[in-house]
Amino acid sequence: MVVPILKQGQYLIASIQAALTDADLLKMRDALAEQVGRFRSRGVIVDVTALDVMDSFAARTLSDIANMIRLRGAETVIVGIQPEVAFSMVQLGLKLEGVATALDLEEGLDYLDHKTRRINRAPNPFTR
Amino acid sequence: MVVPILKQGQYLIASIQAALTDADLLKMRDALAEQVGRFRSRGVIVDVTALDVMDSFAARTLSDIANMIRLRGAETVIVGIQPEVAFSMVQLGLKLEGVATALDLEEGLDYLDHKTRRINRAPNPFTR
Amino acid sequence: MRPTLLQDDIRVPITSDIDIVYARQKGRELASQLGFSSSELALIATAISELARNIVRYAGNGAIVIKLVERGEKRGVHIVATDEGPGIRNIALAMQDGYSTSDGLGLGLPGVRRLMDEFEVVSKNGEGTTVTIKKWLR
Amino acid sequence: MRPTLLQDDIRVPITSDIDIVYARQKGRELASQLGFSSSELALIATAISELARNIVRYAGNGAIVIKLVERGEKRGVHIVATDEGPGIRNIALAMQDGYSTSDGLGLGLPGVRRLMDEFEVVSKNGEGTTVTIKKWLR
Ligand SMILES: Nc1ncnc2c1ncn2[C@@H]1O[C@H](COP(=O)(O)OP(=O)(O)O)[C@@H](O)[C@H]1O
Ligand SMILES: Nc1ncnc2c1ncn2[C@@H]1O[C@H](COP(=O)(O)OP(=O)(O)O)[C@@H](O)[C@H]1O
């Protein structure tokens with residue numbers, strides 16, 4: 001199952017499905033790194049609302065993605081980690097350190113708007 | 001005894017009582033993880049002013065809470081650790097690493113305002 | 001006291017990464033019949049995911065067996081991850097947070113122990129690894 | 001020199017997590033009669049909390065006995081946490097910071113030793129565990 005990646009304005013939005021294999025996750029990682037360049041995206045949202053389990057491989061891949069995307073000059077935010085998934089992650093010892101998180105898509109967009117505004121947009125406040 | 005959780009603007013405030021059992025603490029943890037989503041809160045304050053003892057279970061649960069809440073996209077700050085409780089914690093070897101702390105409720109609110117402002121408020125600098 | 005079996009067990013052969021997903025879905029399904037909370041189901045599914053991945057990564061193939069069991073008053077789920085791979089050279093090291101012989105996070109085995117109520121690993125050099133975990137209904 | 005008892009001791013049966021809170025409150029109450037500072041009372045209550053939780057977690061049930069004692073010039077509080085649980089398999093390991101057979105932080109026993117003036121643990125496989133701790137008034 002391939003993760004659909006949506007281009008929305010300056011951002012890319014990847015929506016992870018429940019039954020995602022390791023290979024699918026790695027494909028998503030590579031697709032995001034490539035498309036950020038192709039579309040000159042400023043930010044990436046990975047929506048994990050539907051994800052049933054965030055194990056150490058998924059957590060590691062998400063943090064790899066955030067690091068790769070940063071090196072490509074864009075920001076990443078993970079949205080939609082459910083309470084029970086957050087609980088399992090914490091018990092397992094996964095922290096997603098250095099990776100931005102937000103409640104849902106809307107908050108994630110807010111985060112990116114803010115995070116990328118400083119750098120990318122409106123160098124002159126009077127033009128806003 | 002259930003820990004009362006107050007919604008104040010964008011924040012949730014949980015006030016821990018002295019005689020709190022392990023089960024009460026875990027219930028508070030789960031309630032906070034859930035309510036942060038329901039109320040779209042940006043921050044959580046856990047007020048431990050009244051807590052008589054912070055043992056290894058309480059410390060561990062507070063740091064789990066902070067990690068879970070962060071995965072849900074919000075910030076947590078622990079406020080009101082009393083001097084003698086802090087002293088016991090240090091002797092016991094508890095560090096609350098990676099968990100923000102503040103002197104009291106007021107400082108905690110300040111901390112959250114500052115920590116979440118970046119992301120949430122004042123898209124237009126002239127309205128501030 | 002040996003736990004008694006509540007119903008037929010499920011055996012998921014593990015040979016590739018699709019099986020990891022399948023095994024954890026099956027585990028969740030079976031455990032939910034006992035009435036575990038959604039948080040507990042997530043813990044159980046996560047534990048299966050970690051053990052199944054270790055089989056694929058370190059042994060190539062093996063199996064996950066999931067059962068519902070009863071011991072005295074308690075009912076729970078009993079999961080065995082087994083393979084005939086190279087075995088774990090140093091179990092004490094493998095149980096430490098952060099220890100990995102591959103490029104993993106090294107949180108799988110110690111993390112699974114934290115997630116479950118009971119945890120046992122038996123491994124013999126060159127003969128394989130068996131990890132047995134249990135979670136009891138509260 | 002054996003310490004002499006200053007007044008009746010208090011015995012708190014420990015079977016569930018409510019008893020942990022009750023035991024530490026009782027310990028604080030009794031110790032405060034000797035005139036311990038609030039910092040010392042917090043240390044004592046914390047130590048009781050850790051030992052009581054270990055009883056609930058590892059032995060299922062047991063008791064905490066709290067006494068005020070006198071030895072020569074010194075007066076202090078003397079606490080015994082006792083259970084007939086499985087015992088501590090390896091005491092040397094259990095006394096190390098960070099060692100836990102459950103998902104604990106592994107700071108309970110070594111931490112309690114740091115909190116108190118005297119600390120002793122006796123444990124026999126299959127027969128239970130007794131931890132005795134003392135804090136003297138300065
Ligand atoms: N089924 C297995 N067969 C052989 N070795 C294993 C197996 N499972 C785990 N190991 C060994 O134990 C180490 C720790 O495993 P784990 O804690 O799951 O972390 P990770 O898989 O991230 O390395 C692995 O790096 C590997 O060397
Ligand atoms: N009363 C007890 N009965 C049996 N085992 C115990 C008892 N108390 C402690 N232990 C063992 O000693 C280990 C270390 O205990 P402790 O330092 O309190 O840390 P934690 O409880 O966080 O594991 C425990 O993990 C357990 O294996």
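The sequence lines fix the lettering, A, B, ..., with proteins before strands; numbering per chain opens at 1.
Val77(A) does not touch chain B: none of its heavy atoms, backbone or side chain, sits under 4.5 Å away. With a 4.5 Å cut-off on non-hydrogen atoms, Glu84(A) does not touch chain B at all.
Most heavy-atom pairs under 4.5 Å with chain A, from the set Glu34(B), Arg29(B), Arg40(B): that is Arg40(B).
Residues of residues 55-74 of chain B lying under 4.5 angstrom from chain A, judged on non-hydrogen atoms, are Arg60(B), Asp64(B), Asn67(B), Met68(B), Arg70(B), Leu71(B), Arg72(B), Gly73(B) in numerical order.
By the side-chain contact (heavy atoms from CB on, under 4.5 Å) test, Lys7(A) pairs with Leu12(A), Phe39(A), sequence neighbours left out.
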